[in-house]
> 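Please find one structure pasted underneath; my questions will follow.
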Number of protein chains: 2
Amino acid sequence: MTAQRRVVAEVLDGDHVHLTADEVHARAVAKLPEISRATVYNTLGELVSLGEVLEVATDKRAKRYDPNAHRPHHHLVCAQCGAIKDVHPTGNPLSDLPTSERFGYTVSDVEVTYRGLCPDCTAA
Amino acid sequence: MTAQRRVVAEVLDGDHVHLTADEVHARAVAKLPEISRATVYNTLGELVSLGEVLEVATDKRAKRYDPNAHRPHHHLVCAQCGAIKDVHPTGNPLSDLPTSERFGYTVSDVEVTYRGLCPDCTAA
DNA sequence: AGCCGACACTGGACATTGTCCAAGTCGCAT
DNA sequence: ATGCGACTTGGACAATGTCCAGTGTCGGCT
Ligand SMILES: [Mn+2]
Ligand SMILES: [Mn+2]
Ligand SMILES: [Zn+2]
Ligand SMILES: [Zn+2]
């Protein structure tokens with residue numbers, strides 16, 4: 001556990017946290033000015049390999065890093081400002097995919113992304 | 001309708017087609033050798049604006065372009081080789097998201113991505 | 001304490017994907 | 001044929017991510 005890794009872990013602490021690598025780097029630099037981009041990428045990659053952090057692709061730009069890896073969940077994304085919330089829908093979408101729609105695949109996982117407008121963007 | 005746009009439209013014809021912009025460009029060049037990347041991007045952008053083609057983000061690399069824009073559907077992706085199928089699950093995942101899990105958002109859309117192994121990758 | 005080796009970190013080069021722009025080209029109406 | 005406007009082109013640039021060689025750090029050994 002180096003100072004750099006500790007800072008990355010600190011930046012990723014909290015609920016509904018879904019930062020891009022560059023956002024992690026910017027916040028890490030605020031705490032440890034000379035931390036490099038490469039170290040942030042390396043540390044994020046290690047955390048993902050360890051299963052401590054998830055990569056999520058809620059937008060078509062950068063990957064986002066999600067420290068909420070221990071409880072399965074899905075995402076609710078504001079189409080306007082990008083704000084992301086963790087959500088826990090009821091039911092199991094896997095059971096909604098009939099065998100005839102599986103094309104012989106062995107289906108093991110499902111990601112659900114809800115899109116809409118957050119309260120701020122709805123008001124504006 | 002120019003020769004360039006016709007070629008892009010031809011490349012995007014078919015079922016279960018989900019090509020990246022570079023793949024579209026490569027196939028377009030095979031039919032019209034001097035078509036430029038910029039024109040492919042421009043044409044794809046116009047088709048998306050017209051609602052004729054969808055952008056899908058099934059992987060965390062490039063956007064993919066999907067000519068199946070007229071019937072709502074979701075995607076089944078092979079985690080190994082990336083093969084993508086269009087699927088039509090039963091039920092409506094929107095109804096699985098209770099008000100208490102909406103954080104005040106106005107939810108209007110949901111994307112579902114199933115992941116697993118295709119028949120070829122299951123065998124291998 | 002001083003040395004050594006393993007590992008981590010750094011800065012920068014490079015790759016991929018996508019956007020933007022100035023200039024050239026093309027097709028169509030006149 | 002001419003002129004105009006739209007389209008296309010090639011390249012510069014931006015954003016994201018990967019890779020590598022060199023440097024730094026730290027614990028363990030003598
Ligand atoms: Mn999350
Ligand atoms: Mn599709
Ligand atoms: Zn918003
Ligand atoms: Zn496969």
Side-chain angles (χ1 to χ4, degrees), chain A residues 1-12 17-50 52-67 75 77 79-84 113, chain B residues 1-12 17-50 52-67 75 77 79 81-82 84 113:
Chain A
M1 176 59 73
T2 65
Q4 286 83 356
R5 292 179 194 197
R6 181 164 38 251
V7 163
V8 169
E10 284 172 15
V11 166
L12 285 175
V17 169
H18 306 90
L19 298 171
T20 66
D22 262 11
E23 289 166 351
V24 172
H25 181 234
R27 297 184 189 203
V29 164
K31 295 167 180 267
L32 186 68
E34 286 315 309
I35 190 171
S36 70
R37 280 192 340 124
T39 294
V40 170
Y41 275 103
N42 286 341
T43 304
L44 290 173
E46 285 158 16
L47 291 171
V48 170
S49 292
L50 291 171
E52 295 296 315
V53 166
L54 299 176
E55 279 180 359
V56 300
T58 50
D59 66 54
K60 301 181 186 66
R61 289 171 46 252
K63 295 176 193 170
R64 292 183 173 273
Y65 292 88
D66 184 344
H75 292 107
V77 181
Q80 184 92 19
C81 70
I84 302 172
T113 303
Chain B
M1 175 59 74
T2 66
Q4 287 83 355
R5 291 177 192 200
R6 184 162 38 250
V7 163
V8 169
E10 284 172 15
V11 166
L12 284 176
V17 170
H18 306 90
L19 298 170
T20 66
D22 262 10
E23 288 166 352
V24 172
H25 182 234
R27 296 185 189 203
V29 163
K31 294 167 180 267
L32 186 67
E34 287 314 310
I35 191 173
S36 70
R37 280 191 341 123
T39 294
V40 170
Y41 274 103
N42 286 341
T43 304
L44 291 172
E46 286 159 15
L47 291 170
V48 170
S49 291
L50 292 171
E52 296 295 315
V53 166
L54 300 176
E55 281 180 358
V56 298
T58 50
D59 65 54
K60 301 179 187 68
R61 288 171 48 248
K63 294 175 193 172
R64 294 184 172 272
Y65 292 88
D66 184 343
H75 292 106
V77 181
C81 72
I84 302 172
T113 303

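In what follows, chains are A, B, ... by sequence order, proteins preceding strands, each numbered from 1.
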> With sequence neighbours left out, write down each residue that passes side chain to side chain donor-acceptor pair (under 3.5 Å) with Asp59(B), or none if nothing qualifies.
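Asp59(B): side chain to side chain donor-acceptor pair (under 3.5 Å) contacts with Arg64(B).
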> In the 5'-to-3' direction, what one-character label does each nucleotide of nucleotides 9-22 of chain C receive under the scheme B = base within less than 4.0 Å of a protein heavy atom, S = sugar-phosphate only, - = no such atom?
SBB-----SBBB--
> Distance check, rounded to the nearest 0.5 Å: Leu47(B) atom CG versus Asp66(B) atom CG?
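That separation rounds to 12.0 Å.
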> Report, one line per pair, each donor and acceptor closer than 3.5 Å where one atom sits in a side chain of residues 24-36 of chain B; sequence neighbours left out.
residue, atom, partner, partner atom, Å
His25(B), NE2, Ile35(B), O, 3.1
Lys31(B), NZ, Glu10(B), OE1, 3.4
Ser36(B), OG, Thr39(B), N, 3.2
Ser36(B), OG, Thr39(B), OG1, 3.2

> Taking only residues two or more places apart in sequence, or in another chain, which ones meet Ala83(A) in a side-chain contact (heavy atoms from CB on, under 4.5 Å)?
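So Ala83(A) forms a side-chain contact (heavy atoms from CB on, under 4.5 Å) with Cys78(A), Cys81(A), Tyr105(B).
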> Which residues satisfy the side chain to side chain donor-acceptor pair (under 3.5 Å) test with Thr58(A), sequence neighbours excluded?
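So Thr58(A) forms no side chain to side chain donor-acceptor pair (under 3.5 Å) with any residue.
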> Specify the separation, in whole Å, of atom CG of Leu44(A) and atom P of dC19(D).
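To the nearest whole Å, that distance equals 15 Å.
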> For the NE2 atom of His75(A) and the CG atom of Leu54(A), what is their distance to the nearest 0.5 Å?
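If I round to the nearest 0.5 Å, the distance is 7.5 Å.
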> List the protein contact pattern of nucleotides 25-30 of chain C with one symbol per nucleotide (5' to 3'): B for base contact, S for sugar-phosphate-only contact, - for none; contact means a heavy-atom distance under 4.0 Å.
------
> How would you list, by chain and number, every residue that makes a side-chain contact (heavy atoms from CB on, under 4.5 Å) with Ala21(A), sequence neighbours excluded?
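Testing Ala21(A) for side-chain contact (heavy atoms from CB on, under 4.5 Å), a comparison that skips the adjacent residues, returns Tyr41(A), Leu44(A), Tyr65(A).
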> Taking only residues two or more places apart in sequence or in another chain, which ones pass side chain to side chain donor-acceptor pair (under 3.5 Å) with Glu46(B)?
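Counting only residues at least two positions away or on another chain, Glu46(B) forms a side chain to side chain donor-acceptor pair (under 3.5 Å) with Arg5(B).
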